[in-house]
Amino acid sequence: MRKIAFIVFFLAALISCLGQTATKVIALRCGSVFDGRGDSPRTNVVIVIEGGKIKALGSSAPDGADVIDLPHHTCLPGLIDTHTHILLQGDITTADYDEQLLKQSPEYRTILATVNARRALEYGFTSIRDVETEGAGYADVDVKKAINSGIIPGPRMQVATRALDVTGAYPLQGYAPNVLVPHGVQIVDGPDNARQAVREQISHGADWIKVYSDRSYRVRDDGVLDDIPTFTLDELRAIVDEAHRERHKVASHAMALNGVHNSVEAGVDSIEHGNYIADEDLKTMAAHGIFYVPTIFVGEYVAQGRAAEGAPVWVKMIQIHEDTFRRAMKAGVKIAFGTDAGGFDWKINPAKEFSSMVKFGMTPAQAIRSATVTAAELFGMQDSLGTIEPGKLADIVAVPADPLADVSAMEKVDFVMKAGVVYRKP
Ligand SMILES: [Zn+2]
């Protein structure tokens with residue numbers, strides 16, 4: 001009897017204790033708040049957080065709340081990077097890439113990925129879409145699982161697992177035909193095989209299907225960036241149809257004329273890089289809500305290295321990219337913030353992309369919205385992410401400056417909260 005009474009008492013104590021953690025109220029006092037909805041910030045705002053969600057925005061902290069004071073900071077919605085590679089450590093040259101696939105085991109690369117995930121979160125990216133593991137199999141699914149289980153710190157993740165490309169199109173290339181080398185993608189040829197690969201990747205945890213739609217770039221005399229499309233339109237259509245049938249989305253690496261056109265025709269959900277996009281295709285993208293993820297900074301970053309390696313086209317591509325970006329803005333295409341972090345070293349803050357977007361014609365507010373509101377929509381999570389308003393998840397970051405005056409302040413995030421949990425404090 002006594003034993004039972006003790007157990008009842010113990011359970012009651014445990015429940016009340018759990019109840020307390022679940023209802024713990026945090027009051028975040030911000031010098032100003034850019035909530036992601038309008039163009040200008042509001043000053044002296046207290047964000048009230050309860051149970052991992054934003055409960056209210058007011059002018060004073062409720063009684064008994066844990067107060068976090070950031071009187072000289074601008075608070076913003078948690079940032080979302082919609083194009084990362086946490087399994088990659090920078091690949092300016094072919095040798096950099098081959099070295100990682102040939103000399104690092106997937107297990108070792110996964111250990112490095114956990115460090116990159118933590119870096120992403122500390123830079124202020126509370127959510128990332130990781131668009132393929134570059135030869136590390138399904139390791140992204142495991143990193144995501146470890147983050148969701150609270151084993152390692154990291155952003156909320158949507159993952160694309162292995163990506164798809166056709167025979168002869170994706171590294172590693174150039175080895176003797178009798179030498180078996182790993183590839184950075186799952187190689188598929190023909191609509192049926194492509195469909196099977198989509199099913200396989202989804203069954204192993206892919207949120208997105210990533211395809212490489214073009215390669216081998218050259219600038220034509222009329223200034224158009226030309227390419228060799230990888231998949232046939234039939235193959236691309238099969239991939240998109242299968243993914244959509246299974247309620248998944250397709251991200252297409254497409255940098256130039258034909259790759260973009262085929263992807264748009266096949267009905268993909270996002271165009272990655274899009275250095276050149278024809279006006280006709282921009283019109284279709286705007287009409288169908290296809291996202292444009294321009295990844296400007298990485299292009300600037302790798303250009304010199306790749307030019308030195310004998311591919312000067314990468315330098316010319318920057319100007320073409322700027323022109324496309326400005327035309328996309330005018331056409332009303334939804335532009336989502338994405339960096340290709342991992343394509344450059346994770347020690348470089350991917351938030352440099354904000355300055356690149358502003359250089360290409362966005363206002364700081366537009367650039368920040370591309371990494372919050374628009375990116376949340378690309379995630380399909382616009383109801384819970386992307387703005388600071390009651391009912392949304394408490395993903396909040398802060399910078400000790402005014403990013404609307406100088407957007408490079410986005411590289412100085414020193415406060416990070418994800419779903420109400422603080423990961424970084426000034
Ligand atoms: Zn990429």
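Read the numbers this way: they start at 1 and go in the same order the structure lists the ligands and their atoms.
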Q: Tell me, please, if Asp340 has any N/O/S atom, main chain or side chain, under 2.8 Å from the Zn ion (ligand 1)?
A: yes
Q: Suppose we only count N/O/S atoms under 2.8 Å; would His83 qualify as near the Zn ion (ligand 1)?
A: yes
Q: For Gln319, give me all partners under side chain to side chain contact (heavy atoms under 4.5 Å, CB included), at least two apart in sequence or on another chain.
A: none
Q: Is Arg245 paired with Glu242 through a side-chain N to carboxylate O contact shorter than 4.0 Å?
A: yes
Q: Would you please name every residue forming a ring-ring contact (aromatic ring centres under 6.0 Å, His included) with Phe415, sequence neighbours left out?
A: none
Q: Check Asp279 with Arg327, please: is the shortest side-chain N to carboxylate O separation under 4.0 Å?
A: yes
Q: Does the shortest distance from the Zn ion (ligand 1) to an N/O/S atom of His85 fall below 2.8 Å?
A: yes
